Number of protein chains: 2
Amino acid sequence: MKTFSSGALSVNRKDPAGGRPDTTGGATLIDVAQAARVSLATASRVFSSPHLVRDSTAQRVREAARRLSFRPNLLGSKLRAQQTRMIGVMVPTLENAVFAECWHGIEEAALAGGYSLMLVTSGYDPARECERVEYLLRHRVDGMVLTVADAAHSTVLDQLDGEGVPYVLAYNQAGPRSRRHSVSVDNRRSACAGVEALIAAGHRRIVVVSGAFVASDRARQRFAGYQDAMRAHGLRPAAPVCLPSHTASNAEQIRALVRANDAPTAFFCTNDLLAIGVISDLRRLGLSVPRDISVLGYDGIALGSVVEPPLATVVQPNSEIGASAVGRLLAWLHDGGRASAAPPRVTLLPHALRVNGTVAAPPSM
Amino acid sequence: MKTFSSGALSVNRKDPAGGRPDTTGGATLIDVAQAARVSLATASRVFSSPHLVRDSTAQRVREAARRLSFRPNLLGSKLRAQQTRMIGVMVPTLENAVFAECWHGIEEAALAGGYSLMLVTSGYDPARECERVEYLLRHRVDGMVLTVADAAHSTVLDQLDGEGVPYVLAYNQAGPRSRRHSVSVDNRRSACAGVEALIAAGHRRIVVVSGAFVASDRARQRFAGYQDAMRAHGLRPAAPVCLPSHTASNAEQIRALVRANDAPTAFFCTNDLLAIGVISDLRRLGLSVPRDISVLGYDGIALGSVVEPPLATVVQPNSEIGASAVGRLLAWLHDGGRASAAPPRVTLLPHALRVNGTVAAPPSM
DNA sequence: GTGAAAGCGCTAACAT
DNA sequence: ATGTTAGCGCTTTCAC
């Protein structure tokens, strides 16, 4: 029987004497099994459940694998095992360093956990969000880590919920009543704390500058935090100033603002990139930051510590948010369907305040 | 026979009345075929070669697919077709905006071409480069787009060459004699042009500031360009100043430099991130850029136009480099093995000079 | 501890 | 134009 099974094994292989180099990418498990004179099953076990195999046998198989430069074809195992050990990641863009830093944490955590990654970007566009998620789904990712434009009104999340796809939000902060899983800082409270630091420094006229509100629920939550802080100190919140782009110069709008009679003494920008742009705009208007006007950012990207003066900001642990989101997802995937009741669905990581550099007392004091 | 084959088709499917929801992710092509009363092959053809199928039949199949919310399992096709239509991407880090911008071009081009992506970062570490590439190989990517620390001494590239894996370098510039494919600007000539602009502005004492030289062949090529420019104008090139980190403050080294008797009147930084850090360091030393000293960067990241004054720099078309690298790779993959002799292996994209903002005439003039 | 056999979901000859 | 068949490379019962 042994001779027969040996023969049966080789029946699938193309003729090795076929002339041109094997373009199909090399030895398969079958080849390894043959070379080690064990069955396909045993060879497989050596790599996936070594404890089921006698040590000496395993040695032989590994040796054969090495000799043949065997490289497991993950496609085969993924298809057969009905789980890909892949996680899909969708963020709005990598060009905002927040997400680039987050990716770092995601990659570390995922690869350490034996999972592969598939990245797509949505450009803050809900239509593209759907498209890209469908793409991830076709690749049969086991779960996803995503940052969507607006979690509360997201067709793509509703769809995912409907299909029962495991996912964890990053940066988007699920409401306490939500059934969704999320990892973020407490956007509202941390923003409130940031603005309170501004108030503590003596500022009374503080204005929020934001990107397109509709594109980011975080921006809205941070604005709410600003309102909280202002009201708690008996100050009147001002309407937010929404700038269309992070990178283009928004000098016009800024100019109108600082030229007004009751010009603000401080800006709270809902993200660091925006803050850096605003600071540049202010300089172009001949104003000095923080001497003439203070600027507070939000995100804590590394770049903020590089510029001069260093950007005052509400610091999120970006890399950790990514790693933690992956961790939550893996826990979910591994508990086998029981929707992980143990840890709370909403994870809030601690923020930090960095209030120096671009924030000082208002000029009148 | 029809009845039989219909029955045979359903033999593999689990009992739909089995109680709990189908956890395996929904309908397969077989289900669609059944529902549309066609064979598996025909159903498959509707999606991969519609022209081989009568319109009315195709309509029926598509309708069935819609009704069953059929989602093709890419794993199946990839395994069977012996090509994954996936391309692996490896860059040093996304935290340098250069690569984040590049990713944008890569994603656009790949998805437009019907290819999927798998991203890994190496952190400029050759050991991790090998690890990550092996990971990509196990996923059976059809080809790769990579930026390695040092293309001329890269074990991972040698290995890839040995195995005949199709790949295109991005940013790394293959030598004219090289058999390798690459897409980049001409690092040496563009750097030379940048330094010549400095010289044209009146600078004579120009010093190159770089990250760890060993980590980047681009940095070395750009330094060579600096030497070219200096020599062409009868000036003595100075030794490069190598800073360990992009983001930490390197004030000490900078201080020593600008306090010297023959202090430089201009710095040429081998990348923009570094340049922004150096400018901040100079400000901390009480120097004004560009009034007291000029700074020229290299990369052309979007951030450079945001800061004030805008960063003078040698602009690379980052997104286009990514898109173009993917384009070259797809061409290679599609020409079926003939190592695409038609277009040259080394693609040099045009650079641009942005010489304003942080570059001005030296103070003595 | 090891082997035989049955597929995972799909495509691609090869028939008809 | 459509159907039949044979796997892609792997894991995983079920026997022994």
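Values reported hereafter were calculated over all heavy atoms of this structure, with side chains retained and with hydrogens, waters and symmetry mates removed. Each chain gets a letter, A, B and so on, in the order the sequences are listed, and its residues count up from 1. This structure is a prediction, so every number in the text was calculated from the model and none was measured.
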> The side chain of A/Ser44 lies closest to which of these nucleotides: D/dT12, C/dC10, D/dG3?
Replying inline: D/dT12

>> I need the CZ-C1' distance between A/Arg138 and C/dG9, as an integer number of Å.
In response: 14 Å

> Between A/Asn172 and A/Ser182, do the side chains contain an N or O donor and an N or O acceptor separated by less than 3.5 Å?
Replying inline: no

> What is the distance from CZ of A/Phe47 to P of D/dT12, rounded to the nearest Å?
Replying inline: 15 Å

> How is A/Leu75 classified with respect to the nucleic acid when contacts are heavy atoms under 4.0 Å: base, sugar-phosphate, or nothing?
Replying inline: nothing

>> Any donor-acceptor pair, under 3.5 Å, between the side chain of A/Arg45 and the base of C/dG3, if you only look at N and O atoms?
In response: yes

> OP1 or OP2 of C/dG1 less than 4.0 angstrom from a side-chain nitrogen or oxygen of A/Thr57, does that happen here?
Replying inline: no

>> Does this structure show an ion pair linking A/Glu134 with A/Arg128, if we count only N-O contacts that are shorter than 4.0 Å?
In response: no

>> Just the rounded figure in Å: distance from P of D/dA1 to NE2 of B/His51.
In response: 10 Å

>> Let me spell it out: for each of B/Ala43 and A/Ala41, pick the nucleotide of DNA chain D with the closest heavy atom. Which residue's pick is nearer the 5' end?
In response: B/Ala43

> Within this structure, what is the CG-to-P distance between B/Leu68 and C/dG9, rounded to whole angstrom?
Replying inline: 14 Å

> Distance check: side-chain N/O of A/Gln82 vs OP1/OP2 of C/dG7, anything under 4.0 Å?
Replying inline: no

>> Can you give me the closest heavy-atom contact between A/Ala170 and A/Ala325, atom names plus distance?
In response: CB-CB, 4.4 Å

> C/dG9 C1' sits how many Å from A/His139 NE2, rounded?
Replying inline: 15 Å

>> Tell me the interatomic distance from B/Leu74, atom CG, to D/dC8, atom P, rounded to whole angstroms.
In response: 20 Å

>> Quick test of your reading of the model: are A/Arg60 and A/Glu63 salt-bridged, counting only N-O distances below 4.0 Å?
In response: no

> Atom CG of A/Leu52 and atom C1' of C/dG3: how far apart are they, to the nearest Å?
Replying inline: 14 Å

>> If you compare every side-chain N and O of A/Ser77 against the phosphate oxygens of D/dC10 (OP1, OP2), does one of them come in below 4.0 Å?
In response: no

> Rounded to the Å, how far apart are A/Leu79 CG and C/dT11 C1'?
Replying inline: 13 Å

>> Given C/dG3, C/dC10, C/dA12, identify the nucleotide with an atom nearest to the side chain of A/Val38.
In response: C/dG3

> Under a 4.0 Å N-O cut-off, is there an ion pair linking A/Asp158 with A/Arg180?
Replying inline: yes

>> Of the options C/dG1, D/dC10, D/dG3, whose atoms approach the side-chain atoms of A/Arg54 most closely?
In response: C/dG1

>> Looking only at the side chain of B/Thr42 (C-beta and beyond, no hydrogens), which of the listed nucleotides C/dT11, D/dT2, D/dC10 gets closest?
In response: D/dT2

